[in-house]
Structures are given as C-alpha cells and as structure tokens.
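One structure below.
This structure is a prediction, so every number in the text was calculated from the model and none was measured.
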Amino acid sequence: MIAVAPAHKSGNVEAPAVPTFAEAVKLWAKIGLLSFGGPAGQIALMHRELVEERRWIGEQRFLHALNYCMLLPGPEAQQLAIYIGWLLHRTIGGLVAGILFVLPGALVMLILSSLYVLYGDMPLVEALFLGVKAAVLAIVIEAVIRIGRRALKNPAMVSIAVVAFIAIYALNVPFPLIILLAGLTGWLGNRLAPGLFSGSAHGKGDGPDVKGAVDLMFERGELTHVKPTRWHAPRTVAIWLPIWLGPVLLIWWFTGSASVWTEIGRFFSLMAVVTFGGAYAVLAYVAQAAVQSFGWLAPGEMVDGLGLAETTPGPLILVLQFVGFIAAFRHAGSLNPLLAGSLGALLTLWATFTPCFFWIFLGAPYIEALRGNRALSAALGAITAAVVGVIMNLALWFALHVVFREVHAMSLGMNVPVLSSIDWRAALLSLAAMIAILKLKIGMLPTLAGSALAGVLLLAAGG
C-alpha cells in the first residue's frame, strides 16, 4: 500500500495529502450511494469530490482519464472510477472503486425489479418516481453546465459540441462515428491550428500550478505500477478474459445453448463490447432483441426498466439488470421465480461490468504513457467536446420524456414532443428542482428527497 505523504505547501497552495486506502474506500462508497443523474451527473460528482474538494487528482489528469473512458464500450463513469482508483491504490483500488460504484444501485435495482413483478402499477410509487425524475433532470442539466464550462474553452470546442449534438439528435449519426470524427478533427486541428486544439482537454479549473495528490505522486516516482511493461498486456488478457467469460462458458456447458441463462450470458457479454455511448445509445437495440428476438419483455416494459434505472444510484446501464431479472423470472423452470430473477440479474451484472475492469487494467498504463503526446491530447480534447454535445442530447431526451407524456420520432429519429401532452406536474417539479440546484445551490440528496415528497403531495392533492 502506498504510504501517506503529509500535506505540505507549494507556493501559496497547500499540497494535498495522499489518501489512505481506508479513506478511498469511504469516498468510493459515498460516490456509489450518491451517483444519481446518469453519466453527466456521476462525472460531475466525481469531479467535485476528487478534483475540487479533496484534490486527489488534478484537473488535467482527470480529463485525460475521462477522455480515454469515453472511447470504451460500457459505462464511462464507472470506468473513470476504476481508472482513478487504480492510479491511487493499484489493482485493488480499481476493483474497490468499480465495485462500490455499482453495488448500491444494483441492490436497489434488484429490490425495485422484485417489486415491479410482484405489485405492478402502484400510484404511490408512480408519484415518487415523478418527483425523483424531475430532480434527476435538474441534476443532469447542472452537470452538463459544469462539464461544458471546463471542456468548451474556445469557439472550436463549442463548435464541435454543437455539431455533435446536431449529428446525434437531428441526423441520428451513430455515437462511435461521432467520436471517431471528433478525434480526427482534433488530430488534424492540432496540426493546422495548434493554438485552438493543444491542451483543449484542460478546462478552466485549478490551472497548472495546483496539482492533485496523484500528480505529486508521479513527480516523486511513487506510481511505478502505471508504467507499461513488456508482459503487461499478455498477463492482463490471460487473467481477465477467463474471469469475464469463464462463468458464461460454464453456464453454457451445464445448461445448454438454448437455456435462458446461456442467452443472458451470451447476449450481455456481446453488449459489453458494443455499448458505446452508454445506456441510451444501446437502449433501442436491447429493447428490440429482448421483446422481439428473445420474448423476455412485453412492449413498453423496457421504458419502465429505464425509469427504474434513472431513479437509482449507479450507471444507467443497470437497466440491463432489469432485463436480465425479468427474463429469468419468466423462464424460471423449476426454480422459484424470484430466485431465478435474482440469479439472472447477477449474471447480467457480471457480463456487463466485469469487462469494464478488463478495459481499464489493460489500457490505462499505455494511456498514461501517452499523456504528454500533443496530438493525442488534442484528439481526446475534441472527443470530450463532442461528448458534451452528446450529453446535451441525452439531457434533452430525458427532459422530453419527463415533461411530456407523448414523444414522436421523426423520419431521421429526432424526438419531437406532442405539446398537448405536457405533464404540468412534471414541468412544475422540474422547474422547482432546477431552481433549487442551479440558483439556491441546494444539495443533490435534499433536492431528490424534496422533489419525491412533492410528487406524493401532488398525488394526495389530486394533481
């Protein structure tokens, strides 16, 4: 374990102390419990806790790690937690950070999935969800503003974000293609106009003189584990591929290729490789496969699952856990349906999140080694700007589905609300939540609790 360095002053700024492993565990547990609001809210939460308040990692290294995670399939916020946990406390630090980021939400999602299949529609629960969704919308909007201020530092970055937003919202351009084109734009832009693209990943945060504990550890030569070695890639592949796919292959061996367990393991292992852009990007494909191909869900239930995932901490990709639970619950065979559903949820979690550790542990040392590369930094900075535009699209998508009861998809996939279907209760609660967070600076949990209570009161008043 890395020794704790006492805090000391560098210039006029007190240098941060290296966190102990116990301190890191407490913070990762806190982040896991408070990580509402989807990837935008989760990244903003980690930035506030890790960069602004505790200064465990500097602004520039935080964004460099975020840029890499944006390129990977799967939940980028969880992968960012694994990356920073790995920087601080090696493999065990990454494991703890990644597990605690998902565990609270997974437990809540398991409970909500069980209640969903047992009790169905409950007015009180619907009222609670209405209030929580309104608060989550405000949290997402606040996160977009926070991240945008740091990533969009010049007109070139703003233009990339706007083009990315138009491409994914109005033109239905695939997310991986947007990322590829943004990276190419940054790489070429660095050669043509380096003043606009060099260091574009660095926001208006602390500045180069204020460093995090990780940055100081690098300077002191304490982070030897981040240097890629000759055998790093083969060793990581040899360890993590069996960990990830071993249980899936064993299930296939014992239950056969046609069992629901094999289908769950195989399907969600594939999703873990192609889920670029997070839950929203993969939602349509998963819904089509779960409803039409496998017959696991009825039409419309995917949206219910997404609603549950949006009201729980953790990554929105936990909606896949809901799908796995329902699939196993309805094809339980000789098992108790609730037990089968729980096992299906666990298998889905394993196939979905284990690869996240594999991607980070495999690639992070090489990304750290390339951190000083100007062309790579420019490409990753442009990617961050594009992701801001994509997150803006997610915020808009979420707002439309919270405030309006009916949303139509146009020919190119652009969502347009039916104005007559506006839900005045959701609109009022969303406005109140945005005032609480953006103007009054009320914290996330008080806003969530107050908004949920307001939803119940509206129901009691006959709203």
Side-chain angles (χ1 to χ4, degrees), residues 28-46 74-79 81 97-122 124-140 143 268 275 278-280 282-283 286 297 301-326 329 338 341-342 344-346 348-350 352-353 356 394-395 397-398 401-402 426 429 433 443-453 455-456:
W28 294 124
K30 176 184 177 181
I31 290 175
L33 290 168
L34 299 181
S35 57
F36 293 90
Q42 293 154 3
I43 292 167
L45 172 64
M46 282 191 284
E76 61 270 23
Q78 188 216 14
Q79 290 164 343
I99 291 172
L100 291 180
F101 190 88
V102 172
L103 185 60
L107 293 176
V108 173
M109 195 65 177
L110 179 61
I111 295 172
L112 293 177
S113 299
S114 301
L115 293 175
Y116 182 88
V117 297
L118 291 177
Y119 300 105
D121 296 333
M122 298 176 60
L124 178 61
V125 175
E126 290 181 356
L128 285 169
F129 281 177
L130 176 67
V132 171
K133 285 182 181 180
V136 170
L137 173 58
I139 293 168
V140 171
F268 290 114
T275 50
Y280 292 109
V282 74
L283 181 61
V286 172
L297 273 68
E301 288 184 327
M302 192 72 183
V303 178
D304 294 338
L306 184 62
L308 296 178
E310 286 165 343
T311 58
T312 62
L316 290 179
I317 206 74
L318 284 173
V319 64
L320 302 186
Q321 177 190 350
F322 172 82
V323 176
F325 180 95
I326 298 297
F329 180 87
L338 281 179
S342 300
L346 179 62
T348 303
L349 289 171
W350 184 269
T352 300
F353 292 107
C356 296
L394 301 185
W397 187 97
F398 192 55
H401 288 78
V402 169
L429 290 171
M444 183 188 306
L445 281 185
T447 301
L448 281 165
S451 188
L453 178 60
V456 174

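In this structure Leu338 satisfies the side-chain contact (heavy atoms from CB on, under 4.5 Å) test together with Ser114, Val117, Leu118, Phe325, Phe329, Asn336, sequence neighbours excluded. With sequence neighbours left out, Phe322 forms a ring pair (Phe, Tyr, Trp, His ring centres under 6.0 Å) with Tyr116.
Taking both residues in full, the closest heavy atoms of Ala29 and Leu100 are given as N-CD1, 3.8 Å, listed atom of the first, atom of the second, then distance. Contact between Ile31 and Leu45 at its shortest, heavy atoms only, is O-CD2, 3.9 Å. The shortest heavy-atom contact between Gly324 and Thr348 is CA-OG1, 3.3 Å. For the residue pair Ala81 and Ala97, the shortest heavy atom distance occurs at O-CB, 3.3 Å. Taking every heavy atom of both residues into account, Ala77 and Gln42 meet most closely at CB-OE1, 3.3 Å. Residue Glu76 comes nearest to Ile43 through the heavy atom pair CG-CD1, 4.2 Å, listed as atom of the first residue, atom of the second, then distance.
The side-chain heavy atoms of Pro315 and Phe353, taken from C-beta on, include a pair separated by under 4.5 Å. Side-chain contact check for Met46 versus Trp28: some heavy-atom pair is nearer than 4.5 Å.
Here the CZ atom belonging to Phe268 is positioned 9.0 Å from the CD1 atom belonging to Ile317, to the nearest 0.5 angstrom. To the nearest 0.5 Å, atoms CG (Leu349) and CG (Leu318) are separated by 6.5 Å. The CG atom of Leu107 lies 6.5 Å from the CD1 atom of Ile111; values are rounded to the nearest 0.5 Å.
Gln78 pairs with exactly one of Ile99, Thr352, Val102 by the side-chain contact (heavy atoms from CB on, under 4.5 Å) rule, that one being Val102.
Put simply, the side chain of Gln321 gets close to the backbone of Ala106: a donor and an acceptor are under 3.5 Å apart.
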Problem set entry | Steps toward side chain to side chain contact (heavy atoms under 4.5 Å, CB included) verdict (Ser342, Leu110) | CA-CA 7 Å; Ser342 300; Leu110 179 61; 3.8 Å; yes
